[in-house]
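The structure appears below as structure tokens.
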Number of protein chains: 2
Amino acid sequence: MAAQSGTVERILDTAEVLFAQKGFAETSLRAITSKAGVNLAAVNYHFGSKEALIQAIFERFLAPFCTELGERITQMVDDGEPVDLERLLRLISRTALGAHGSDPQRLALFFRLCGLAYTQAQGHLRRFIRERYGDVFNRFLAMLASAAPDVPPMELFWRVHFGLGATVFAMSSMDSLRAICKSDFDADLSAADVTQRLLPFIVGGIRA
Amino acid sequence: MAAQSGTVERILDTAEVLFAQKGFAETSLRAITSKAGVNLAAVNYHFGSKEALIQAIFERFLAPFCTELGERITQMVDDGEPVDLERLLRLISRTALGAHGSDPQRLALFFRLCGLAYTQAQGHLRRFIRERYGDVFNRFLAMLASAAPDVPPMELFWRVHFGLGATVFAMSSMDSLRAICKSDFDADLSAADVTQRLLPFIVGGIRA
DNA sequence: ATATGTTTCAAACGTATGTTTGGGCGGACG
DNA sequence: CGTCCGCCCAAACATACGTTTGAAACATAT
């Protein structure tokens, strides 16, 4: 339970960066531990396995985000304000940022990991996330539904996931896209700039 | 050069399915060759390496698609018809379908591979595709620009990639999303149904 | 029928991986 | 002081991987 000398944190910090850069299977425990400056056996000692390490990384990201999102949603419901599509999306985006020290770089990293989780190795991670945090996500979806009453529920379901896909993909290939953008348009956009462009796209898509 | 007994095709057919299911790094040559019913050494004999096999798979997909797309674009330009955003997107979707025997299943598989190519192992594949088929893609982008003259070029660049992301993601997780949709809404959508829902979303997003 | 070039095969090679082991260090507590 | 327990370490382990090899099987053409 204890984290006396910070070994656990150092592993998590290093691993999430390396995983985001190269993928899960392509990143070896040796690469992680050597870059983190800890012993190879530390991962298996503290986490049990490589799979468990991956889940721990997602846990560290999702736990604060989901609790905070849950609170904000209940508060929004209690207030009884009329829910607005654009506000809702900004809410989730602000929550995602706020839950991790307002570091856009780290948020992009997280979405990149999500992208990997969705595309790679269909199995354990999807189950893990859905089991653990499915409730909050469903509540948010319900809010969305009441915010776009003119869109039929099933239609909304698909459009939300299309938007999620656009987000995940944009974050995943953020770096290369920004490089292309710079060479083609001579514009050096930040991660926050990209997010700002992403939101209207999603809103436009959901409204059809 | 010859493909006498269909070994090459059998490898390609099997490999593209397995890669799409589990990713590139997670699929071993032994899994491919044993399922394809050919000898392990066949891949290295016919393709040279695992990397070259992956590129060959994309080549087989992209070559017919890009030549046909190129033809249709020049024809469209020659005709001098006014280009329309929705028509353009339908054109590329129809071309993608037409280039592979009108099999939606196979098209979804291809997009899933594209998703993997974008997220996984940043390196060789992106270069390979960009080098080989960048021209056609750029011509299509130029058409898009003239079809949406009210959207600034850089804005359009990002929105196109957001749309690409939505597409790739939708195709990548097509199966699981369809399963969720069936259990939540009791609606058994086909891959074509999903595509039909995807297009308006992208159009709406690009138009903002 | 013989020779030639191509394709297939079983087996092995070298390497990298995730995981396990057993010992050693150091603070906590009786 | 001695014992215990959590943590760290170098080393080894077993396995899976991509690739290579050399010979056998095959087709083709002279």
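The sequence lines fix the lettering, A, B, ..., with proteins before strands; numbering per chain opens at 1. Here the structure is a predicted model, which is why all the values come from computation and not from measurement. Both backbone and side-chain heavy atoms feed into the values below; hydrogens, waters and symmetry mates do not.
Of the side-chain N and O atoms in B:H46, none sit less than 4.0 angstrom from OP1 or OP2 of C:dT6. The shortest distance between the side-chain N/O atoms of A:T7 and the OP1/OP2 oxygens of D:dC8 is below 4.0 Å.
A heavy-atom distance below 4.5 Å is not found between the side chains of A:M143 and A:R139. Here the side chains of B:L189 and A:M154 are in contact, with some heavy-atom distance below 4.5 Å. Within the 4.5 Å cutoff, the side chain of A:S173 has heavy atoms near those of the A:F169 side chain. A:F47 is listed as a side-chain neighbour of A:V8, based on a closest heavy-atom distance under 4.5 Å.
Regarding A:R10, its CZ atom lies at a distance of 14 Å from the C1' atom of D:dC9, rounded to whole Å. Going from atom CD1 of B:I32 over to atom P of D:dT19 covers 11 Å, rounded to whole Å.
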Which side-chain N or O atoms in residues 87-98 of chain B pair as donor and acceptor under 3.5 Å with protein atoms at least two apart or in another chain?
from	atom 1	to	atom 2	distance (Å)
B:R87	NH2	B:E81	OE1	3.0
B:T95	OG1	B:L91	O	2.7

Report task. Indicate for each nucleotide in nucleotides 14-25 of chain C, in 5' to 3' sequence, whether protein heavy atoms under 4.0 Å reach the base (B), only the sugar-phosphate (S), or nothing (-). Result -> ---BBBBB----
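B:D135 and B:R130 are not joined by a salt bridge, as no carboxylate oxygen comes within less than 4.0 angstrom of a charged side-chain nitrogen.
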